[in-house]
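Structure first, commentary second.
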Amino acid sequence: QQKVQQSPESLTVSEGAMASLNCTFSDGTSNNFRWYRQHSAKGLEVLVSIFSDGEKEEGRFTAHLNRANLHVSLHIREPQPSDSAVYLCAANTGANTGKLTFGHGTILRVHP
Amino acid sequence: NAGVIQTPRHKVTGKGQEATLWCEPISGHSAVFWYRQTIVQGLEFLTYFRNQAPIDDSGMPKERFSAQMPNQSHSTLKIQSTQPQDSAVYLCASSLGTETLYFGSGTRLTVL
């Protein structure tokens with residue numbers, strides 16, 4: 001079964017500096033990958049969905065997928081204090097199910 | 001669009017009592033998912049429905065947990081004889097199909 005590992009566990013950046021988060025997968029069975037964000041005591045907010053190798057940009061959020069390396073990253077341009085949250089990556093488990101396996105998350109703190 | 005609505009936001013039960021959690025998916029979405037989130041295990045898939053039919057309940061504990069979707073506007077997750085280890089945030093999500101999941105804010109269940 002697909003396993004998802006996120007790094008780093010926590011990250012602190014200054015406002016305006018690029019933030020980069022990483023996610024690796026245990027196998028190549030997934031065909032779509034998503035980054036979600038979760039603010040304290042709230043639900044998950046989808047940021048970027050990516051289905052093929054390369055980059056996908058949604059506003060200040062850019063995901064980069066490399067299937068051969070079983071790796072997907074998220075880059076946050078000009079992060080703001082309001083971006084402080086837990087970031088979760090997810091991969092679908094099984095073809096066309098919509099069922100997701102999540103990593104444990106990266107805690108991002110953005111200082112003014 | 002109010003998003004996915006989960007009620008109650010918080011529920012406290014005594015050990016051995018029953019807990020019923022409610023989810024109203026986004027109107028028009030054909031798939032409903034239930035996940036459980038704990039500090040130790042992270043986000044874990046429990047079960048999902050498509051067009052009200054149960055599709056995959058592989059993540060559901062075999063005893064005491066059950067989920068239903070009696071109509072397209074709501075789903076319930078019922079936990080009988082709750083135990084302290086059932087304490088978690090239970091998240092419901094809906095999607096149009098195999099596309100992006102949209103999550104509710106969750107129900108925080110505390111079993112004393």
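Here is how names work: the chains are called A, B, and so on, in the same order as the sequence lines, proteins then strands, and each is numbered from 1.
A:H104 contributes no side-chain N or O that, together with a main-chain N or O of B:I39, makes up a donor-acceptor pair within less than 3.5 Å.
Both B:I26 and B:F103 sit in one connected hydrophobic cluster of ILVMFWY residues. Membership requires side-chain heavy atoms under 4.5 Å apart, directly or through other members. Linking ILVMFWY side-chain heavy atoms closer than 4.5 Å, directly or via other members, places A:L88 and A:I50 in two distinct hydrophobic clusters. The same ILVMFWY cluster, assembled from side-chain heavy atoms under 4.5 Å apart, contains both A:L65 and A:V48.
Distance check, rounded to the nearest 0.5 Å: CD of A:E45 to OH of B:Y102 gives 11.0 Å.
Heavy atoms from other residues, nucleotides or ligands lying under 6.0 Å from CD of B:Q68 number 12 at most. In this structure, B:Q72 places its CD atom where only 12 or fewer heavy-atom neighbours from other residues, nucleotides or ligands lie under 6.0 Å away. Summarising the local packing, CD of A:E9 is surrounded by 12 or fewer heavy atoms from other residues, nucleotides or ligands at distances under 6.0 Å.
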Working for side-chain contact (heavy atoms from CB on, under 4.5 Å), residues B:L43 and A:L44: CA-CA 11 Å; B:L43 262 163; A:L44 279 68; 3.7 Å; yes
Ring pair (Phe, Tyr, Trp, His ring centres under 6.0 Å) between A:F102 and B:F45, worked out: CA-CA 9 Å; A:F102 285 84; B:F45 167 82; over 10 Å; no
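Residue B:T38 does not touch chain A at all, counting heavy-atom pairs closer than 4.5 Å.
Looking only at side-chain heavy atoms (C-beta outward), B:F33 and A:L100 stay at 4.5 Å or farther from each other. Using a 4.5 Å heavy-atom cutoff, the side chains of B:Q37 and A:Q38 are in contact. Between A:Y36 and B:L101, some side-chain heavy-atom pair lies under the 4.5 Å cut-off.
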